[in-house]
Number of protein chains: 2
Amino acid sequence: MNIGQAAKTTGLSAKSIRYYESQGLLQAQRQDNGYRHYDPASIKRLTLLARARRVGFSLDECAELLALLNDGQRQSKNVKRTVHDKIAQLDTQLENLTRMRNTLIELAERCNGDEQSQCAILNDLTEGERPMTFTLLDDSHNQLEQPNE
Amino acid sequence: MNIGQAAKTTGLSAKSIRYYESQGLLQAQRQDNGYRHYDPASIKRLTLLARARRVGFSLDECAELLALLNDGQRQSKNVKRTVHDKIAQLDTQLENLTRMRNTLIELAERCNGDEQSQCAILNDLTEGERPMTFTLLDDSHNQLEQPNE
DNA sequence: ATAAACCTTACCCCAAGGTTAAGGTCAACT
DNA sequence: AGTTGACCTTAACCTTGGGGTAAGGTTTAT
């Protein structure tokens, strides 16, 4: 199977697959013409990558999952712990985003939202000592993948 | 006020302040020795940047807020709409993260988590057709700022 | 023969800065 | 003076996870 078909099969882009290889997450066999070849075991690894990425695992964490997948001596408790660690990270992110959201709600509530220039939001964001709940930036950076595309 | 003091006052790093300037969000006056100088109005703008960033606004969105701050003809409803747009974005992120979290919970529940190599998580992540709820990657990329540091 | 559809590597681009590096300035100390 | 330390300057590379494009080789079908 060539890279295009592997991409179609897994839902990854060809570019992503090459990137994963460059980062050492996979080795790809080559055909005589230099094209990459993917056998069923490779497709399995790519599928793991695709699905793990979708639920929030970083490439480093995906490498860990791949190592467990390839390890005949693995213990499923180690896999489960990895998943629980990721859930804890998501919980932290969710808390931070919720705090940010609450702060914005509070700001908006105090603003008249009319034709006047006087604005409680801008006042709160520029004035005095801690006019708003202390909040944290989220660690988000990937583009949101919209379901309908 | 030099950049170091401005950083301390606003909670930004000096590097961030220079970066914001390089991105056209501020202009800084220069002293005879080439050092940047920040007057109270500049500190106000930096404060807006610091606080808006903390609640999730991108630099582009911060530029919008700064433009409103500097606009004597502004209408507070426009500020309020900007905040509501950001709240809606946070809601989308929260939904995606929650979906991801739910998927991970489901995966973990089906795994024995023992000393055996057999693992429902790895099976679900590598096998067959859509073995798990369809989820989305979050758009997160910034490092989480831990409250205690 | 040639066009379409693959594949290859290599390069630059994004956010939002962090992290050195290499050097200029300033205030205080000896 | 000289020197130390704390501050400032710009420049340039690093991060994540690829997207986009260039310039070219291969394969398949017409």
Side-chain angles (χ1 to χ4, degrees), chain A residues 1-26 28-38 46 49-64 66 86 89 93 136-146 149, chain B residues 1-26 28-38 46 49-64 66 86 89 93 136-146 149:
Chain A
M1 197 186 284
N2 287 346
I3 198 170
Q5 189 55 45
K8 211 163 291 178
T9 302
T10 60
L12 295 166
S13 69
K15 176 76 184 213
S16 295
I17 295 175
R18 291 193 195 97
Y19 179 67
Y20 298 159
E21 183 183 337
S22 81
Q23 296 306 107
L25 281 79
L26 297 93
Q29 300 152 306
R30 297 297 181 122
Q31 301 162 226
D32 290 345
N33 56 15
Y35 287 17
R36 290 172 179 80
H37 172 72
Y38 297 92
L46 287 174
L49 275 166
R51 292 182 185 167
R53 291 287 298 126
R54 280 208 296 265
V55 291
F57 287 100
S58 69
L59 290 194
D60 273 2
E61 291 160 343
C62 286
E64 196 180 328
L66 281 169
K86 177 51 64 178
Q89 285 179 34
Q93 281 188 55
L136 302 170
L137 252 190
D138 178 43
D139 71 343
S140 310
H141 82 287
N142 306 309
Q143 286 309 307
L144 281 177
E145 295 179 20
Q146 295 304 335
E149 55 175 9
Chain B
M1 195 186 286
N2 287 346
I3 197 169
Q5 189 54 45
K8 212 162 291 180
T9 303
T10 59
L12 295 166
S13 69
K15 173 73 190 209
S16 294
I17 295 175
R18 292 194 195 96
Y19 179 66
Y20 297 160
E21 182 182 338
S22 81
Q23 297 305 108
L25 280 78
L26 296 92
Q29 300 151 304
R30 297 298 181 124
Q31 300 162 225
D32 289 345
N33 56 15
Y35 287 17
R36 289 171 179 80
H37 172 74
Y38 297 92
L46 287 174
L49 275 166
R51 293 182 184 165
R53 291 288 297 125
R54 278 208 297 266
V55 291
F57 287 100
S58 69
L59 290 195
D60 274 1
E61 290 160 344
C62 287
E64 196 180 327
L66 281 170
K86 177 51 66 180
Q89 285 180 33
Q93 280 189 56
L136 302 170
L137 253 190
D138 178 41
D139 72 341
S140 309
H141 81 286
N142 307 309
Q143 286 309 306
L144 280 178
E145 296 178 20
Q146 296 304 334
E149 58 176 6

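Chain identifiers are assigned alphabetically (A, B, ...) following the order of the sequence lines, protein sequences preceding nucleic acid strands; residue numbering begins at 1 within each chain. Note that this is a predicted model, so its numbers are computed, not measured.
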Item to check | Nucleotide dG17(D), atom P - distance to CD1 of Ile17(A) in whole Å | outcome: 16 Å

Item to check | Check: Asn2(B) side chain, Gly4(B) main-chain N or O, donor-acceptor pair, under 3.5 Å | outcome: no

Checklist entry - Taking for each residue the nucleotide of DNA chain D bearing the nearest heavy atom, is the 5' side occupied by Ala14(B) or by Leu59(A)? => result Ala14(B)

Checklist outcome for this item: Winner on side-chain proximity to Asn33(B), out of dT25(C), dG17(D), dT9(D), is dT25(C)

Checklist entry - Could you give the CD1-to-P distance, from Ile3(A) to dG18(D), as a whole number of Å? => result 13 Å

Checklist entry - Going 5' to 3' along nucleotides 18-23 of chain C, which nucleotides have protein heavy atoms under 4.0 Å from the base (write B), which only from the sugar-phosphate (write S), and which from neither (write -)? => result BB----

Checklist outcome for this item: Arg18(A) atom CZ is separated from dG20(D) atom P, nearest whole Å, by 14 Å

Item to check | Selection from dG17(C), dT8(C), dC7(C) that lies nearest to any side-chain heavy atom of Tyr19(B) | outcome: dG17(C)

All N/O donor-acceptor pairs, side-chain side in residues 12-22 of chain A, below 3.5 Å, sequence neighbours left out:
{"from": "Ser13(A)", "atom 1": "OG", "to": "Ser16(A)", "atom 2": "N", "distance (Å)": "2.9"}
{"from": "Ser13(A)", "atom 1": "OG", "to": "Ser16(A)", "atom 2": "OG", "distance (Å)": "2.8"}
{"from": "Glu21(A)", "atom 1": "OE1", "to": "Arg36(A)", "atom 2": "NE", "distance (Å)": "2.6"}
{"from": "Ser22(A)", "atom 1": "OG", "to": "Tyr19(A)", "atom 2": "O", "distance (Å)": "2.7"}

Checklist entry - dC6(C) P sits how many Å from Gln31(A) CD, rounded? => result 15 Å

Checklist entry - Hey, is the main chain of Arg30(B) close enough, under 3.5 Å, to the side chain of His37(B) for a donor-acceptor pair? => result no

Checklist entry - Can you tell which of dA15(C), dC8(D), dT27(D) lies closest to the side chain of Tyr35(A)? => result dT27(D)

Checklist entry - Of all the nucleotides listed (dA16(C), dC7(C), dT9(D)), which has the minimum atom distance to the side chain of Ser58(B)? => result dA16(C)

Next on the checklist: I want to verify a distance call: between dT10(D), dT8(C), dG17(D), whose nearest atom is closest to the Arg36(A) side chain?
Outcome noted: dT8(C)

Item to check | Atom pair distance, as rounded to whole Å: CD in Gln23(A) and C1' in dC14(D) | outcome: 13 Å

Next on the checklist: If I take atom CE in residue Met1(A) and atom C1' in nucleotide dC7(C), what distance separates them, rounded to the nearest angstrom?
Outcome noted: 16 Å

Checklist entry - Does a side chain donor of either Lys8(B) or Gln5(B) reach within less than 3.5 Å of an acceptor in the other side chain? => result no

Item to check | Distance-only donor-acceptor test, Tyr20(A) side-chain atoms vs dG18(D) base atoms, 3.5 Å | outcome: no

Next on the checklist: If you compare all heavy atoms of Lys86(B) against all heavy atoms of Ser58(B), which two are closest, and at what distance to 0.1 Å?
Outcome noted: NZ-N, 4.4 Å

Checklist entry - Closest approach of Ala63(A) and Leu25(A), non-hydrogen atoms and distance? => result N-CD2, 4.2 Å

Checklist entry - How close or far is atom P of dT27(D) from atom CG of Asp32(A), stated in whole angstroms? => result 9 Å

Next on the checklist: Measuring to OP1 and OP2 of dT26(D), would you say a side-chain N or O of Arg30(A) lies under 4.0 angstrom away?
Outcome noted: no

Item to check | Minimal non-hydrogen separation, Gly56(A) against Glu61(A), with atom names | outcome: O-OE1, 4.1 Å

Checklist outcome for this item: Rounded to whole Å, CG of Asp60(A) lies from P of dT16(D) at a distance of 7 Å

